[in-house]
Amino acid sequence: MPAITLPDKSVRQFDAPVTGATVAEAIGPGLARAALAMKLDGRLVDLETQIDHDADVVFVTRRDPEALELIRHDAAHVLAEAVQELYPGTQVTIGPAIADGFYYDFARNDPFTPDDFPRIEAKMREIVARGEKFVRQVMDRDAAIRFFDDKGEKYKAEIIQDLPRDETITLYRQGDWVDLCRGPHMRSTADIGGAFKLMKVAGAYWRGDHRNAMLSRIYGTAWRDQKELDNYLHVLEEAERRDHRRIGKEMGLFHFQEEAAGSVFWHPKGWKLYRTAEAYMRRRLDAAGYQEVKTPQLVDRALWERSGHWEKFRQHMFIARVEDEDKTLALKPMNCPCHVQIFRQGVRSYRALPLRLAEFGSCHRYEPSGALHGLMRVRQFTQDDAHIFCTDQQIPPETVRFVELLASIYRDFGFSEFFVKFSDRPALRAGSDDVWDRAEGALKEACASAGIDYTLNPGEGAFYGPKLEFVLRDAIGRDWQCGTLQVDYILPELLGAEYVAEDGSRRTPAMLHRAILGSFERFLGVLIEHYAGRFPLWLAPVQAVVATIVSDADAYAGEVALALRKAGLTAELDLSNQKINAKVREHSLAHVPVLAVVGRKEAEQRTVALRRLGGSTQEVLPLEAAVRRLADEATPPDLSS
RNA sequence: GCCGACGUAGCUCAGCGGUAGAGCAACUGAUUCGUAAUCAGUAGGCCCUCGGUUCAAGUCCGAGCGUCGGCACCA
């Protein structure tokens, strides 16, 4: 005799077990039409699920957030049915709902191409129009294995094999098509609606393991209605518009070419941006008690063997051999072993700790060709790296200092939001479990004293120690891991770093590896996308263009540009024989933040008309006032009062 | 590294067996103009590389390199 409690606390009594659909009908025809699934005691289930006990029921309609996941999951099934109808012999594997959509992985000799999409999508719409009912069916484990084996679906059979023995095996049938699935699903394929689109194909390894077969994955997106779909497609366009590779080309910041795949050719404007960021970082590090150093690019294999890199990191290193000498050198992939060499020079007292050695360290790492991605993933990059040699007791206060510095720097670059991930010991690691216990404990304590909330990232630590990862959120909500703080007891030990303690004994210091931007290349890529190329004045590679309206103003325009440059601004002069409209357009497209327009009137009155990027108004100021104003605005945040 | 797509003028792209094209940019000339494109003209190409098929190859086939989208990787 189930008593069903609804969200408004009202209770409905039934004489016998009922399905959710029956309950919905009992409540009203409107709800019966709208209900897609229900939450039974908090668990999302099919509407056809039998309710045989007193329960809380919440019906899920199209408006609820759960609806999206149902629509996407159902769409994945429809995709699979469409594909098997059109391409017999294709095996199905898995097809989940994901953020913004769904995918389905197929096993097929000929992978799908986007050319197949129109047919598949048309077939999907046909299946949606058929309104095939989703029917859940429980099957005995062995029978299910046989069932899929007989159909030639060996991936499905394998999935069942690997399910826990006590797991209920459920199948979902829509029309004549059946899939192994734990559900839940909506009532019928018609509930999916029309707001879906196939997006791209990709290879994907079976079970995500590169030793397994490569499957053909089709990605799709699905939404509640056309408006949501259009909105999503618009957001994608927006992200494409911000792509740093596109903007880098448009603004002439940098380029790549085959002969140096994965390494950046910085152009004058891009390098200006880079140097601005570097100069800012140098000032911040100086002020925070770091000492800058510079260490060798090419280092003998012997040092990498001692540090453990040769064993743990070799496949990522560029190795160089010299013909005349029997030596093997490697381009450094990290700066830490070299910093330990500096620490080891002379005798260090505990009084000198913490010792903070910073380097804008140029590193090379061999990245797999498929991983390269503009500035975001390169083979040669420069870290804003530093190593803090300290005692155990100094780890928490150093962590607090570091996080304060990091937060302030992110703020100055225009990022207000970041979060922290804690990565603990990986499978492949150096050092004993005792040392790892100590290092992880120290880092946790440091987090507590810095008041840091973090999410755990199990097994993702560096081979020499656990780490905190600092993740930025950009202007359109994407996350970028940039900063890091790693506790390391192992490298100082391996490389023989020591200090003389208060009691005269020799001790090994702890070493904190830390970076705030991560790599300049990647961070600048993030910055370009965050600002979509429209940098704040202090970062903009070209801060102002002085543009004339008539050639009579050329001489005065030259004076204005010179005055701006004398005040430390990067200013260009546009005396070209074009209308002011064209100049405004050209420099707006180039994302120049300030256009200083001078015509006959300005030349006579010794004024300039300032026009801000994206604005439609002008501000006419006397020359000196304009220069003062812009110089003031262009002052980096750490130098302005 | 794996799967797929792509590689043509500085940029964006069209051409898909039969003499290499467009728009923008560049250059030249005219125009001196008040806040997102003034007009006219000129020039510009180892069609990624190497092999093959063919009377004939940007065009078809193979290999390599690179780029893009995923996967794996990000130690």
Side-chain angles (χ1 to χ4, degrees), chain A residues 98 103 105-106 108-116 199-219 240 243 245-246 249-250 252 255-262 308-309 311-317 333-334 365-374 376-379 381 423 426-430 459-465 467 469 481 484 486 518-519 522 547-554 575-590 595-602 609-620:
Chain A
I98 53 172
Y103 67 78
D105 283 348
F106 300 99
R108 181 165 184 258
N109 290 338
D110 288 329
F112 293 103
T113 79
D115 296 340
D116 298 314
M199 301 297 287
K200 53 197 173 196
V201 290
Y205 298 108
W206 167 234
R207 297 195 150 164
D209 189 328
H210 68 276
R211 288 164 303 194
N212 290 343
M214 177 69 67
L215 305 171
S216 183
R217 174 174 298 179
I218 297 179
Y219 281 96
E240 203 179 310
D243 191 310
R245 293 165 299 188
R246 169 204 283 262
K249 207 179 268 178
E250 285 168 358
H255 85 272
F256 290 91
Q257 66 187 50
E258 291 195 23
E259 290 86 347
H309 286 82
E311 185 193 348
K312 302 275 187 337
F313 207 72
R314 186 141 76 107
Q315 69 272 31
H316 304 283
M317 291 165 66
M334 297 180 192
R365 294 184 191 176
Y366 177 75
E367 300 286 351
S369 57
L372 300 178
H373 182 90
M376 301 303 190
R377 193 83 179 267
V378 287
R379 287 180 174 156
F381 57 95
S423 298
L428 184 65
R429 60 179 180 263
E460 295 295 321
F463 74 78
Y464 46 73
K467 61 184 180 186
E469 290 171 339
Q481 195 223 300
T484 183
Q486 310 171 4
S519 100
R522 179 179 153 84
T548 50
I549 295 173
V550 291
S551 48
D552 286 353
D554 285 3
L575 304 180
S576 64
N577 181 8
Q578 281 181 111
K579 287 190 175 181
I580 192 63
N581 286 294
K583 295 189 185 185
V584 166
R585 179 178 149 84
E586 182 183 328
H587 301 115
S588 298
L589 289 174
L595 198 59
V597 178
V598 296
R600 200 163 277 133
K601 203 164 56 189
E602 286 77 10
L610 298 183
R611 183 190 209 279
R612 307 298 174 135
L613 176 59
S616 54
T617 57
Q618 310 122 52
E619 186 182 16
V620 181

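Given the structure is predicted, the values throughout are model-derived calculations rather than measurements. Below, chains carry the letters A, B, ... as their sequence lines are ordered, and counting in each starts from 1.
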Are side-chain heavy atoms of R108(A) and D110(A) found at a separation under 4.5 Å?
-> yes
Mind telling me if G64(B) is syn or anti? Syn here is a glycosidic angle within 90° of 0.
-> anti
So what does L595(A) touch, heavy atoms closer than 4.0 Å: a base, only the sugar-phosphate, or nothing?
-> nothing
Rounded distance in Å between the C1' positions of G7(B) and A14(B) = 15 Å
When the C1' atoms of G1(B) and C60(B) are considered, how many whole Å apart are they?
-> 29 Å
To the nearest Å, give me how far apart CD (E259(A)) and P (U67(B)) are.
-> 11 Å
Paired with G58(B): which nucleotide, if any, by Watson-Crick or G-U wobble criteria at under 3.5 Å for both distances?
-> none
Atom C1', compared across A43(B) and C2(B): separation rounded to whole Å = 46 Å
What nucleic acid atoms does E250(A) come within less than 4.0 Å of, heavy atoms only: base, sugar-phosphate, or nothing?
-> nothing
Using the C1' atoms only, state how far A72(B) lies from C3(B), rounded to an integer number of Å.
-> 11 Å
Of the candidates C33(B), A75(B), A36(B), the side chain of R365(A) sits closest to A75(B)
Determine the Euclidean distance between corresponding C1' atoms of C74(B) and A56(B); express it in Å to zero decimal places.
-> 50 Å
Mutual orientation of the aromatic rings belonging to F313(A) and H316(A) [parallel < 30°, tilted 30-60°, perpendicular > 60°] = tilted
Opposite nucleotide pairing with G23(B), Watson-Crick or G-U, both atom distances under 3.5 Å | C11(B)
What distance, rounded to whole Å, do you find between the two P atoms, one in A37(B) and one in A25(B)?
-> 12 Å
Please give, in whole Å, the distance from C73(B) P to E460(A) CD?
-> 9 Å
Expressed in whole Å, how much space separates the P atoms belonging to G18(B) and C68(B)?
-> 32 Å
Distance test, side-chain N/O of S369(A) to OP1/OP2 of G1(B), below 4.0 Å | yes
Who are the salt bridge (Lys or Arg N to Asp or Glu O under 4.0 Å) partners of E586(A), not counting sequence neighbours?
-> none
A75(B) OP1/OP2 closer than 4.0 Å to side-chain N/O of K467(A) = yes
Across the strands shown, which category fits K583(A) at heavy-atom distances under 4.0 angstrom: base, sugar-phosphate, nothing?
-> nothing
Pair assignment for G29(B), Watson-Crick or G-U wobble, requiring both distances under 3.5 Å | C39(B)
Considering just the side-chain nitrogens and oxygens of R611(A), establish if one lies under 4.0 Å of OP1 or OP2 belonging to A36(B).
-> yes
Report which part of the nucleic acid E602(A) touches: base, sugar-phosphate, or nothing (heavy-atom distance under 4.0 Å, all strands).
-> base
Is it the case that more than 12 heavy atoms not belonging to E311(A) sit under 6.0 Å from its CD atom?
-> no
How do G461(A) and E258(A) order along RNA chain B: which one's closest nucleotide is nearer the 5' end?
-> E258(A)
Short heteroatom pairs, N/O only, protein and nucleotides 69-72 of chain B, under 3.5 Å:
from	atom 1	to	atom 2	distance (Å)
G69(B)	OP1	R245(A)	NH2	2.8
G69(B)	OP2	R245(A)	NH1	3.3
G69(B)	OP2	H373(A)	ND1	3.4
G70(B)	O3'	Y219(A)	OH	3.2
G70(B)	O2'	Y219(A)	OH	3.3
G70(B)	N2	G203(A)	O	3.3
C71(B)	O4'	G203(A)	O	3.1
C71(B)	O2'	Y205(A)	N	3.1
A72(B)	O2'	H210(A)	ND1	3.3

If you measure from the Lys or Arg side-chain nitrogens to the Asp or Glu carboxylate oxygens, is any gap between R207(A) and D209(A) under 4.0 Å?
-> no
Mind checking the C1' distance from G51(B) to C46(B)? Whole angstroms is fine.
-> 16 Å
Parallel, tilted or perpendicular for F112(A) and F106(A), by the 30°/60° rule?
-> perpendicular
Select base, sugar-phosphate, or nothing to describe what A609(A) touches, counting heavy atoms under 4.0 Å on all strands.
-> base
For nucleotides 38-44 of chain B, print each protein N/O atom paired with a nucleotide N/O atom at under 3.5 Å, atom names and distance only.
none

According to a strict under-4.0 Å criterion, is R612(A) in side-chain N/O contact with OP1 or OP2 of U35(B)?
-> no
Taking for each residue the nucleotide of RNA chain B with the nearest heavy atom, is it T113(A) or F256(A) whose nucleotide lies nearer the 5' end?
-> T113(A)
